[in-house]
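Reviewing the structure listed below.
Both backbone and side-chain heavy atoms feed into the values below; hydrogens, waters and symmetry mates do not. Since this is a predicted model, take the numbers as computed values, not measurements.
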Amino acid sequence: MKAHKKLMVAIPGGVFTMGTDEPEIQQDGEWPARRVHVNSFYMDQYEVSNQEFERFVNSTGYLTEAEKFGDSFVFEGMLSEEVKAEIHQAVAAAPWWLPVKGANWRQPEGPGSSILSRMDHPVLHVSWNDAVAFCTWAGKRLPTEAEWEYSCRGGLEKRLFPWGNKLQPKGQHYANIWQGVFPSNNTAEDGYKGTAPKGPSSGTDRVKKGGSYMCHKSYCYRYRCAARSQNTPDSSASNLGFRCAADALPDPQ
């Protein structure tokens with residue numbers, strides 16, 4: 001299937017400063033700052049939506065890893081008391097993450113939940129492997145870590161966020177992140193409690209770039225351009241989506 005570039009942005013190649021010499025989260029390997037060259041490429045304007053992923057599944061019969069495993073991680077604040085009462089384990093280092101049986105891209109909060117009113121929201125509970133399968137079907141690929149950060153910085157050197165260095169220029173919200181006290185109180189000041197409508201060559205884990213509706217400076221300050229974290233290729237969760245990239249055709253000689 002040929003890559004459809006209508007909703008993609010052409011990113012001209014260039015050299016930029018990747019990473020930072022002032023890491024906020026030491027264990028994530030955000031440092032050092034270094035000069036990196038990136039070739040021209042295309043990047044999706046938006047994360048892959050539920051509607052787009054459904055089209056892929058209907059076309060191929062693809063089964064996600066969360067569906068194969070039978071469960072996926074969901075933030076406790078998105079779950080009903082009934083669902084939470086059935087769960088008796090959690091992630092020790094992050095007890096707000098609960099493994100929910102039946103949670104997958106069609107049922108983001110487990111049985112009884114639905115995406116019918118969220119078809120234009122980013123698809124969730126997709127692993128790296130699932131994302132690769134979608135991109136391959138769409139004639140695209142996942143962006144490299146360098147491509148993602150290069151796009152995030154938008155041609156400006158050492159900017160903290162995609163839009164600049166201030167989190168809320170003129171008091172406006174530019175990203176769907178956590179407001180309030182994490183993880184107990186999300187004021188949803190930016191208008192959304194959950195999602196909103198629209199790596200290296202070796203190793204076993206995969207790099208995650210970009211923040212989510214759960215990011216807060218006090219705990220997960222990863223909505224900065226230089227921020228990064230990791231996950232195994234088969235992991236999925238209720239705050240993790242993806243977007244695709246594609247190679248740019250060489251200029252005709």
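The main-chain N or O of K166 is found under 3.5 Å from a side-chain atom of W163 such that the two form a donor-acceptor pair. The closest donor-acceptor contact from the side chain of R141 to the backbone of T136 lies at 3.5 Å or more, if one exists at all.
Both the sub-6.0 Å distance and the 45° axial angle are satisfied by R224 relative to the ring of Y221.
A salt bridge between E67 and K101 is absent, with no side-chain N of the basic residue lying under 4.0 Å from a carboxylate O of the acidic one. In this structure, R228 does not pair ionically with E30, as no charged nitrogen and carboxylate oxygen lie closer than 4.0 Å.
Residues T232 and D234 have side chains that bring a donor and an acceptor to within less than 3.5 angstrom of each other. With hydrogens and angles left out, the side-chain atoms of D130 and Y62 include a donor and acceptor closer than 3.5 Å.
With sequence neighbours left out, the side-chain contact (heavy atoms from CB on, under 4.5 Å) criterion links A196 to N176, Y192. Partners of D21 according to the side-chain contact (heavy atoms from CB on, under 4.5 Å) rule, which considers only residues two or more places apart in sequence or in another chain, are P32, A33. Scored by the side-chain contact (heavy atoms from CB on, under 4.5 Å) test, K208 finds S229, N231, L240 as partners (sequence neighbours excluded).
Side-chain contacts under 4.5 Å among hydrophobic residues (ILVMFWY), followed directly or transitively, place L63 with no other residue at all.
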Could you pull out every donor-acceptor pair under 3.5 Å between side chains of residues 7-18 and any protein atom, sequence neighbours left out?
{"unit_1": "T17", "atom_1": "OG1", "unit_2": "R35", "atom_2": "NH1", "d": "2.9"}
{"unit_1": "T17", "atom_1": "OG1", "unit_2": "E157", "atom_2": "OE1", "d": "2.6"}

Indicate every side-chain donor-acceptor pair of residues 71-81 with a distance under 3.5 Å to a residue at least two apart or in another chain.
{"unit_1": "S72", "atom_1": "OG", "unit_2": "H125", "atom_2": "ND1", "d": "2.7"}
{"unit_1": "S72", "atom_1": "OG", "unit_2": "S236", "atom_2": "O", "d": "3.2"}
{"unit_1": "S72", "atom_1": "OG", "unit_2": "S236", "atom_2": "OG", "d": "2.7"}
{"unit_1": "S80", "atom_1": "OG", "unit_2": "E82", "atom_2": "OE1", "d": "3.4"}
{"unit_1": "S80", "atom_1": "OG", "unit_2": "V83", "atom_2": "N", "d": "3.2"}
{"unit_1": "E81", "atom_1": "OE2", "unit_2": "K84", "atom_2": "NZ", "d": "3.3"}

Subject >> Pair T187-Q179, side chain to side chain donor-acceptor pair (under 3.5 Å): steps then yes or no >> reply: CA-CA 6 Å; T187 63; Q179 290 93 40; 4.6 Å; no
